[in-house]
Amino acid sequence: MQGKSNLRTRTFVGTAERRKRNARQRLAIMIAGFAVMYIVVGARLVQYGMTEPAIMGSINFNANSVASRPDILDRNGELLATDINTVSLYAEPRRIVDADEVVEKLATVLPNLDWRDTHRKLQSGTGFQWLRRQLTPRQQSDILSLGIPGIGFRPEKRRFYPGGTTASHIVGHVNIDNLGLAGMERYIDQQGYADLRAAGLTNDTRLEPVQLSIDIRAQHILREVVARSMKEYEAEAAGAVILDAETGEVIAMASVPDYDPNEPSRTLGDGSVDKEYEKGWFNRMSNATFEMGSTFKSFTLAMGLDAGHITLNSVVDATRPIRMGGFTIRDFKGRNRPLSIPEVFQYSSNIGTAAVADKVGIEGHQEFLTRLGLLSRMETEMPGVATPTQPRTWKKINSVTISFGHGVATTPLQTAVAAAALINGGNLINPTFLPRSRDDAALISRAVIKEKTSADMRFLYNWNGVKGSGRAAQVEGFHVGGKTGTADKVINGRYAKDINFNAFVAGFPMEKPKYVVLTIIDAPKTGVNGGRTAASTAAPMTKEIITRTAGLLGVKPSFGLDDQPQLLVDY
C-alpha cells in the first residue's frame, strides 16, 4: 500500500511539473510571437515614416516631376517661353474617410470637377491618385482651408508663354508633364533635353536659354495682319512668313486658325474636348502642302533662263489656247498675241509659261524643281514638315500644268525658300528657326542657278511689282517685287472653279533683296474691291506686312531710284 501511495505521489508531481513546463513554453511562444509582431509593425512604421507618400502609389515621384526646361527667347532676347513654379493636387485613397464629402468640398474650389471620376479615384483603394494638375496659388490656398485629410500637394513646373497665340506654331507647346509636343519645344526635346531629363540632370541646373531667329515685334505684326485678313476676306485659313533671303532665317511666321499654347487643349462646359479649337494646332505654312498657282511661273521662267532656252528679250506665241490630252490651256485674261518674257510674267500667261516648259522638256523640268528643293521634304529644325506631292510619272501634260502651279503641291515655306534662291544671287539656303550669320549661311548654301539668271529674275519681280499684279503689294520707298498665284482649290480630287487658294511671294528691296515675304489666303469669299484673286487678297496682306515691319527690320527706304525697270536688249 505504501508503494502504491508513493507511486501516485510521484505521478502527480510529474504531471504538475509537465504542466508548468508546458505553460512556460506557451508563455515563451506568446512572448516571442508578440515580440515578432511588434518588430514587424515597428519596422513597417519606420519604413512608412522614411518613405514619401507618393512612392506608395501607382506613380513614382522622382526628380523628373520638377524638371526644368530652358527658356526660349527671340533674336533680341525677348522671352517667348519659361517655366513657373506650381503645385498639383493628389489624394491617398486609403486615408480618405468619406469620399462623397471630399468631392463636394473640392467642387467648391475646382471648376469643372468631374464628380464621378474623382469619386472613383478616391475609392480606388490605391496609395496615390492625381486629382488636378497645376493649380493656381488661390486654388491651393482655398483647398488647404477646407482641411481635408488624405490629400496633398506636389510641386511641379508649368510652361508659360507670355505672347499667347502670337508665335504658337513656331514655339509650340508642352504636355502636362512639361515635355515638348510641337514646334521648337519638341525640337528642344529631340536635341537631347529629353535624355537629360530622364537622367535627372535638369532639376537643379539652370539650363542655357534657347534663342530663336524670329523677331517677336515682326511676329506680332504678321500674325495680326494674317488673322484680320482671314476674318475680313471670310477665308478658311491664312498664313504668312518673313524670310531673310541672305541667311535663310525665319524672322516671322504665322498660320491661322491658331491656338494659345498656355491652353493647348480646351474643354467645353460638358467636360468634352473642344475639337474645333484643336484644329488650330495645324501649321499650314510648313506642315501642309498646296498647289501654289502662278507663283510657280517664277520657277518656270527661271528654268528657261538658266538653261539658255530663253532670254528676257525672247518672244513666245500666246495667240491661242493649247489643247493637249483632252485639256485646253487658256490664259485668265489672254492678250491673244505673242508676248515677251516680261509680258508673260506680267500678264501671268499660262500659254506662254507652258511654251517655256516645253522648250526645257520633262526631264529638265523635273530636275530643275528638284534642284530648288520643291519636290523633296524641306530640311529645318521645325518638327512636322510635310513632304511635297508630285505625279508618279511625269507626262507632257503634267509638265505643262506644273509650269503654272497645278499638279505639284509644296509647303508655302519651301516655296518662299526657293523664291529666295531666285533673287539672292542663286543660292538655295535651308530655312532655320535659329540665329544664323551670313558666314554660316555661306557654308551651307548651294548654288542652284547662275548669277545672271538671278539678276534676270530680280528684273522680272520688279517689273511685275511696278506694272503687273504686284502693284497691290507695292510699298513706296521699298521697291517690292513679286508674283501672285491664284489657284483653283482641289476639293475631293477635283478643281473647284469658284474656290481659290491664293498666294503672293515678294522680295524687297529689289535692287538688293534682303527679305522674302510670302502670304497665303485659303478659300476667301471676298477681297479688296470684291475680288477673290491673289491680287485682291494675298498681295494687300504683303503690302501691310512690309509697310509695318520694314523699318523694324532695318531696311531703309529709298526714294531716289528710278522705279521703272528698264529692259536691256542683248546684242
Side chain proximity check, [X] to [Y], heavy atoms < 4.5 angstrom:
X      : Y      : answer
Phe299 : Thr415 : yes
Arg132 : Leu106 : no
Asp215 : Ile242 : no
Leu369 : Ile402 : yes
Val490 : His406 : no
Asn430 : Met378 : no
Ile72  : Glu185 : yes
Thr380 : Val417 : no

Salt bridge between [X] and [Y], side-chain N to carboxylate O under 4.0 Å?
X      : Y      : value
Arg436 : Asp244 : no
Asp117 : Arg120 : yes
Arg159 : Asp83  : yes
Arg532 : Asp498 : no

List the steps and the verdict of side chain to side chain contact (heavy atoms under 4.5 Å, CB included) for Ile96 and Ile151. CA-CA 8 Å; Ile96 298 297; Ile151 66 171; 4.3 Å; yes
How long is the straight-line distance from [atom2] of [Y] back to [atom1] of [X], given to the nearest 0.5 Å?
X      : Y      : atom1 : atom2 : value
Phe160 : Thr82  : CZ    : OG1   : 9.0 Å
Thr108 : Leu146 : OG1   : CG    : 5.0 Å
Ser536 : Met541 : OG    : CE    : 13.0 Å
Phe433 : Met382 : CZ    : CE    : 4.0 Å
Ser68  : Tyr193 : OG    : OH    : 7.0 Å
Leu89  : Gln134 : CG    : CD    : 13.0 Å

Tell me the closest heavy-atom pair linking [X] and [Y], and the distance in Å.
X      : Y      : value
Gly248 : Leu243 : O-CD1, 3.4 Å
Lys483 : Ser294 : CG-O, 3.5 Å
Met285 : Ala254 : CG-O, 3.4 Å
Glu249 : Pro435 : OE2-CA, 3.4 Å
Ile520 : Ala503 : CG2-CB, 4.1 Å
Pro93  : Ser124 : CG-OG, 3.6 Å

Enclosure of Glu379 CD (heavy-atom neighbours >12, cutoff 6.0 Å):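 Open: at most 12 neighbouring heavy atoms sit under 6.0 Å from CD of Glu379.
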So with a 6.0 Å cut-off around CG of Asn529, is the heavy-atom count from everything else above 12? no
If we ignore hydrogens and angles and just use 3.5 Å, is the side chain of [X] paired with the main-chain N or O of [Y] as donor and acceptor?
X      : Y      : answer
Gln211 : Leu434 : no
Asp74  : Ile216 : yes
Asn283 : Asn287 : no
Gln414 : Thr411 : yes
Gln390 : Val408 : no
Thr118 : Asp114 : yes
Asp142 : Val109 : no
Arg75  : Ile251 : no
Asn262 : Tyr161 : yes
Ser255 : Gly239 : no

Do Tyr259 and His169 have their ring centres less than 6.0 Å from each other? yes
Trace of the side chain to side chain contact (heavy atoms under 4.5 Å, CB included) decision for Leu80 with Met184: CA-CA 11 Å; Leu80 303 178; Met184 297 304 288; over 6 Å; no
Pi-cation contact, Phe290 with Arg284 (under 6.0 Å, within 45°): no
Would Asp522 and Lys489 count as a side chain to side chain contact (heavy atoms under 4.5 Å, CB included) if you check the C-alpha gap in whole Å, the side-chain angles of each, and the deciding distance to 0.1 Å? CA-CA 9 Å; Asp522 189 1; Lys489 190 173 179 179; 2.8 Å; yes
Could you check Arg69, Lys157, Arg133 and say which one makes a salt bridge (charged side-chain N to carboxylate O under 4.0 Å, His left out) with Asp177? Arg133
Residues Leu518, Met292; criterion side chain to side chain contact (heavy atoms under 4.5 Å, CB included); working and verdict: CA-CA 11 Å; Leu518 185 141; Met292 297 299 293; 4.3 Å; yes
